[in-house]
Number of protein chains: 2
Amino acid sequence: MALLNLKPIHKDRTLRANVAEQLKEAIINGDLPPGTKLVESQLSSLLGVSRGPLREAIRQLVDQGLIESVPYTGTHVANITVKGIQELYSFRTELEQFAFKLIWDRRDAGFRNALTSQLDKLTKAIKDNDREAAIFEELELHSLCYNYSGHELLQDTWQRLRGKLHLYFTLHQKAHNRAGPLVNAHDTYVELALGNDLNAMLDHINDHMQQGYRKVEKLVADIESH
Amino acid sequence: MALLNLKPIHKDRTLRANVAEQLKEAIINGDLPPGTKLVESQLSSLLGVSRGPLREAIRQLVDQGLIESVPYTGTHVANITVKGIQELYSFRTELEQFAFKLIWDRRDAGFRNALTSQLDKLTKAIKDNDREAAIFEELELHSLCYNYSGHELLQDTWQRLRGKLHLYFTLHQKAHNRAGPLVNAHDTYVELALGNDLNAMLDHINDHMQQGYRKVEKLVADIESH
DNA sequence: TATTGTAGGATTGTTGACAATCATACAGTT
DNA sequence: AACTGTATGATTGTCAACAATCCTACAATA
């Protein structure tokens, strides 16, 4: 048995999974803006899929907070609220601090390499002015930290939040038509993440999140007042 | 308009919701032990419901980690692992500390009354040797704290965990056939929660969780080795 | 005019039949 | 004997038709 490097099979080629993925993409990309009514019959014919798997996909996104649904009445893309953003950022702060407390003594060469290489990707995307990619790479950078924690429950929770966060980033970028992540915003983040002062890192996470929050805060106020 | 005290209508009398509730109950009560195969056709005829809503209910519980499912092959009640319990308790510690940081300056008479009254219910259930009730009331005590935080994202996350926690409690109680929560385990908890030393409370949450973890730890080792 | 009652249409919820996929057992091959 | 291929049965995935519910608009009533 001398075979290796086989990527784990993605054993989920159910329609449900495909539909969920595609819907999520559409919401996150801003193609389906918050508040958009989602009518099952329309969507199903649009996707070339019957309503069964579509409903299951929708329910999956409801659990992720990207879609809201009231029995017998309707389904729509989740709206954005100031409270929602505040909660997301405050919660993220706690999660990421927890992640780093877990990671701290497990950081090895693999982690260091992955992190710096990911920072490079992010920096490159920003310099290329590829905003979509920049958003993605920023989220990947944080995902990396969660993954190295080895804490599945934590990872799942992060994944659940990631979609909404991505949406906020996209909306902010579209509204202000300016670059997403700042060029140097993550330099000190990575620097501290590779350093030897845990408390400094935890403090920085606080700052990092508050910075991020302020960036999208105004956006929401605009949207909320229609 | 002089009418009040109307309980908010529970507008979810869909079959999906009923089935999900009933399935969750059965799992949590231990009627469907971990590893039990769940066959859709059997369950649907057993519940007198077609497979559509049943599948949606199952998917809901999959998202809560109570059920595991592999496409085209099968579905079964989630198994218990040492890692799973460790993660649940370490994660809970962070969540509950976060909750109390949020609550701390919002604690009012209503909160104090609710908390002490809930402690009374718990104590009574223990004294009456009603173990099922004791488990429920203990979870309610913690839920109260999460609810008073006003943080919906935190509440949702807690609710997702609560099911699995409930299951652990039930299994532990059935395996060792001893009382669930100890009589005085929550006295200092409530005492500190009503006091004026936040750090003491946060430290106590750590202890409280580790105590709880050790209690169910052995159970898992037994189960894991079949 | 403000409130209540009542069709009508649209949308979600539910169902039972059909198709795709998988695990098992067993026969065939080397 | 170990491995490979193949049929079989069971189970999940998918579909299209039917039923239940809700929102809207409009008429009726006071």
> In terms of the angle between their ring planes, are F98(A) and H151(A) parallel, tilted or perpendicular, with boundaries placed at 30° and 60°?
Replying inline: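 Plane angle over 60°, so perpendicular.
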>> For a salt bridge (Lys or Arg N to Asp or Glu O under 4.0 Å) check, start with the C-alpha distance between E140(A) and K121(A), then their side-chain angles and the critical distance, and finish with the verdict.
In response: CA-CA 10 Å; E140(A) 279 294 304; K121(A) 283 187 195 166; over 6 Å; no
> Where each residue is assigned the nucleotide of DNA chain D containing its nearest heavy atom, which of S50(A) and L38(B) is assigned the position nearer the 5′ end?
Replying inline: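 The residue whose closest nucleotide sits nearer the 5' end is L38(B).
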>> Return the NE2 to CG distance between H76(A) and L32(A), rounded to the nearest 0.5 Å.
In response: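 These two atoms lie 13.5 Å from each other.
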Whole angstrom value for the distance that separates [atom2] of [N] from [atom1] of [X]:
X: L47(B); N: dG16(C); atom1: CG; atom2: P; result: 14 Å
X: L15(B); N: dA20(D); atom1: CG; atom2: C1'; result: 11 Å
X: Q42(B); N: dT11(D); atom1: CD; atom2: C1'; result: 10 Å

> Across the strands shown, which category fits L54(A) at heavy-atom distances under 4.0 angstrom: base, sugar-phosphate, nothing?
Replying inline: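 Touches nothing.
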>> Quick check: on DNA chain C, is the nucleotide nearest G52(B) upstream (toward 5') of the one nearest K37(A), or the reverse? Name the residue that is more 5'.
In response: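 Closer to the 5' end of DNA chain C: K37(A).
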> Does a side-chain N or O from R51(A) land closer than 4.0 Å to OP1 or OP2 of dC15(D), or not?
Replying inline: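 No, R51(A) has no side-chain N/O under 4.0 Å of OP1/OP2 on dC15(D).
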>> Does a side-chain N or O of R55(A) approach OP1 or OP2 of dG13(C) to a distance below 4.0 Å, or not?
In response: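 Yes.
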> Is a side-chain donor-acceptor pair under 3.5 Å present for Y146(B) with E96(B)?
Replying inline: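 Short answer, yes.
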